[in-house]
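Here the structure comes first, spelled out in structure tokens, and everything after it is commentary.
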Amino acid sequence: MRILLTGGCGFIGSAVVRHLIRNTEHSVLNVDCMTYAASEDTVNEVADDPRYSHARANIVNGVEMQRLFEEYRPDAVMHLAAESHVDRSIDGPGVFIQTNIVGTYSLLEAARKYWNSLGDAEKKAFRFHHISTDEVFGHLEPNDPPFTETTPYDPRSPYSASKASSDHLVRAWFHTYGLPTSVTNTTNNYGIWHFLEKLIPLVTINAIEGRELPVYGKGENVRDWLFVEDHAEALVKAVEIGKPGETYAIGARQPRTNLEVVKKICAVLDELQPDPAGPRERLIRFVTDRPGHDFRYEIDPSHAEKELDWKAKHDFESGIRKTVQWYLDNRAWWEGIRSKRYTGQRLGANT
């Protein structure tokens, strides 16, 4: 299968690229315009493989997307390119509207025109798989059941609203034009090569350096955590055997409060690299909560586990240990980002 994949130098996209080249016979064209959170280092280990190529292009550019479809002639699309940080969406929602909504529209139209040019057998086999988030469902109260594929949409941030919009576009192109699309919604991902602004890498790196560990509010907000390499495997299964028109909710059944996550990172680091100054929990600082902070996200992945013959391999404890060890072993990568692109400053406080 020839896969046109967007956002392949980002966190989740690069995990999918690595999985495709390591573990399948598929070829992949990585379409990534290299925004602040993208890094070619994430795909270095597979960059020389003849089944991998990279096109530096912006999905908002419909003409460029049409050209790539015509030249590469993919059998499937995996659409991961997105602006994804809630705090940045609070500070500057415009780029989220452009990338997540307009970009998805441009890609859908390029895919539709290409798909319409195919023969009957190729049209039937073609797939357009859109990767989304559980944040489109809003938030859960402590005793609410987890999200499923049928949970009504209730986005509450500029980020989640833009992703909800893109999900609706993808489904509309299936129902209106017959384009064989599918959608996956996932929980919070974590793992290697994660850009420093997100909770787990930020806390891990701050703790390594002996900096304060900021926790919003009282740290009671709950997220359902999925190791990124497990997610990559699920996404490839979705494009290989998923059904057009379907939605799959992808999760690992690993909910934790933010404070529990931070304390676990501290405990693992204290074991792997003890700090002479004492246990790292001393560095935890509670800060003013984020505006409109959703209380809880959690997914019931039963449908996806059954239909995709998939289940997350990592529990949170094994996944976080791998993650922390990776950041200890790869200081050169994140120190370069610290010095040039993101110093660890708080985002999303300017309302």
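Position 1 is the first residue of the sequence, and the numbers go up from there. Computed from a prediction, not measured in an experiment: that's the story for all the values here.
Using modelled atom types, no side-chain atom of Ser160 and backbone atom of Pro155 make a donor-acceptor pair closer than 3.5 Å. Side-chain atoms of Arg51 come within 3.5 Å of backbone atoms of His26 as a donor-acceptor pair (strictly under, hydrogens ignored). Of the possible donor and acceptor atoms, one in the side chain of Asp315 sits under 3.5 Å from a partner among the backbone N and O of Ser318. Side chain of Asn221 to backbone of Asp294: a donor-acceptor contact under 3.5 angstrom is found. Put simply, the side chain of Asp75 never gets that close to the backbone of Phe126: no donor and acceptor are under 3.5 Å apart. Checked by atom type and distance alone, the side chain of Asn100 pairs as donor or acceptor with a backbone atom of Glu83 at under 3.5 Å. With Glu260 contributing its side chain and Thr257 its backbone, the two residues share a donor-acceptor pair below 3.5 Å. Side-chain N or O atoms of Lys313 include none that pairs as donor or acceptor with a backbone N or O of Glu229 at under 3.5 Å. At least one donor-acceptor pair under 3.5 Å links the side chain of Asp230 to the backbone N or O of His314. Under the 3.5 Å distance criterion, the side-chain polar atoms of Thr187 are matched with a main-chain donor or acceptor of Asp224.
Crowding of Tyr52 atom OH: a count of heavy atoms from other residues, nucleotides or ligands under 6.0 Å exceeding 12.
Taking NZ from Lys124 and CD from Glu122, the interatomic distance works out to 14.0 Å, rounded to the nearest 0.5 Å. The line from NZ of Lys322 to CZ of Phe227 is 5.5 Å long, rounded to the nearest 0.5 Å. The CG atom of Asn30 lies 11.0 Å from the CZ atom of Arg56; values are rounded to the nearest 0.5 Å. A distance of 7.0 Å separates CG of Leu202 from CG of Leu196, quoted to the nearest 0.5 Å. For the atom pair Leu283 CG and Cys266 SG, the distance stands at 6.5 Å (nearest 0.5 Å). Atom OG of Ser162 and atom CD1 of Ile97 lie 5.5 Å apart (nearest 0.5 Å).
In this structure, Val43 is not a member of the same hydrophobic cluster as Ile192, with clusters built from ILVMFWY side-chain heavy atoms closer than 4.5 Å. Under the 4.5 Å side-chain heavy-atom criterion for ILVMFWY residues, no single connected hydrophobic cluster contains both Leu107 and Met1. One hydrophobic cluster, built from ILVMFWY side chains closer than 4.5 Å, cannot hold both Leu5 and Val31; they sit in different ones. By the criterion of side-chain heavy atoms lying less than 4.5 angstrom apart, applied directly or through intervening Ile, Leu, Val, Met, Phe, Trp or Tyr residues, Val228 is not grouped with Leu226; the two fall into different hydrophobic clusters. Under a hydrophobic clustering in which Ile, Leu, Val, Met, Phe, Trp and Tyr are joined whenever their side-chain heavy atoms come within less than 4.5 Å, directly or via other members, Ile250 and Tyr297 fall into different clusters.
Put simply, the side chain of Lys123 reaches to within 4.5 Å of the side chain of Asn116, judged on heavy atoms. Under the 4.5 Å side-chain criterion, counting only non-hydrogen atoms from C-beta, Glu281 is not in contact with Leu213. For the pair His303/Glu246, a side-chain contact is recorded, criterion being any heavy-atom separation below 4.5 Å from C-beta on. Side chains of Arg296 and His139 form no contact here, defined as non-hydrogen atoms less than 4.5 Å apart. Tyr114 has its side chain within reach of Arg73: a pair of non-hydrogen atoms, C-beta onward, lies under 4.5 Å apart. Looking at Pro146 and Thr151, their side chains never come closer than 4.5 Å, going by heavy atoms from C-beta outward. Tyr153 places a side-chain heavy atom less than 4.5 Å from the side chain of Asp167. The closest side-chain heavy-atom distance from Thr247 to Ser182 is not below 4.5 Å.
A salt bridge is defined here as a Lys NZ or Arg NE, NH1 or NH2 lying under 4.0 Å from an Asp or Glu carboxylate O, and Asp275 with Arg282 meets this definition. Taking a cutoff of 4.0 Å between a charged side-chain nitrogen and a carboxylate oxygen, Glu305 and Lys311 do not qualify as a salt bridge. For the pair Glu240 and Arg127, the salt-bridge criterion is not met [side-chain N within less than 4.0 Å of a carboxylate O]. Salt-bridge formation is not detected for the pair Glu298/Arg256: no Lys NZ or Arg NE/NH1/NH2 atom is positioned less than 4.0 Å from an Asp or Glu carboxylate oxygen.
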Practice problem: Could you give me the CA-CA distance, side-chain angles and deciding distance for Arg211 and Glu209, then say whether salt bridge (charged side-chain N to carboxylate O under 4.0 Å, His left out) is met? | Solution: CA-CA 6 Å; Arg211 299 191 188 194; Glu209 295 185 328; 3.0 Å; yes

Quiz item: Could you go step by step and tell me if Trp334 and Trp326 meet the ring pair (Phe, Tyr, Trp, His ring centres under 6.0 Å) rule?
Solution: CA-CA 11 Å; Trp334 56 261; Trp326 187 88; 9.5 Å; no

Exercise. Determine, stepwise, if the pair Arg22 / Glu45 fulfils salt bridge (charged side-chain N to carboxylate O under 4.0 Å, His left out).
Key: CA-CA 10 Å; Arg22 283 178 187 160; Glu45 67 180 76; 2.9 Å; yes

Practice problem: Could you walk me through whether Phe11 and Phe195 pass ring pair (Phe, Tyr, Trp, His ring centres under 6.0 Å), step by step? | Solution: CA-CA 7 Å; Phe11 172 50; Phe195 193 75; over 10 Å; no

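Legend: salt bridge (charged side-chain N to carboxylate O under 4.0 Å, His left out) pairs involving residues 139-149, not counting sequence neighbours: none detected.
For the pair Tyr72 and Leu29, the tightest heavy-atom approach, listed with the atom from each and the gap, is OH-N, 3.4 Å. Scanning both residues, Gly8 and Val17, for their nearest heavy atoms gives O-CG2, 3.9 Å. Contact record, Trp115 with Gly178: CH2-O, 3.3 Å, taken as the closest heavy-atom pair. Scanning both residues, Tyr327 and Thr204, for their nearest heavy atoms gives CB-CG2, 4.0 Å. Closest heavy-atom contact between Ala38 and Asp32: CB-OD1, 3.8 Å. When all heavy atoms of Pro142 and Phe295 are compared, the closest pair comes out as CG-CE2, 3.7 Å.
Using cut-offs of 30° and 60° for the angle between ring planes, the Trp225 and Phe316 rings count as tilted. Between Tyr105 and Trp173, the ring-plane angle classifies as perpendicular under the 30° and 60° cut-offs.
Residues satisfying the side chain to side chain donor-acceptor pair (under 3.5 Å) criterion with Lys243, sequence neighbours excluded, are absent altogether. Residues passing the ring pair (Phe, Tyr, Trp, His ring centres under 6.0 Å) test with Phe128, sequence neighbours excluded: none. Applying the side chain to side chain donor-acceptor pair (under 3.5 Å) test to Thr181 and every residue at least two apart in sequence or in another chain returns nothing. Annotation: side chain to side chain donor-acceptor pair (under 3.5 Å) contacts of Glu307 (sequence neighbours excluded): none. Looking at residues two or more places apart in sequence or on another chain, you find a side chain to side chain donor-acceptor pair (under 3.5 Å) between Glu71 and Arg67.
No option in His130, His168, His79, Glu109 other than His79 meets the side chain to side chain donor-acceptor pair (under 3.5 Å) test with Thr104.
Gln325 and Asp329 share a donor-acceptor pair across their side chains, judged by distance under 3.5 Å alone. Under the 3.5 Å distance criterion, with hydrogens and angles disregarded, a donor-acceptor pair is assigned to the side chains of Arg18 and Ser14.
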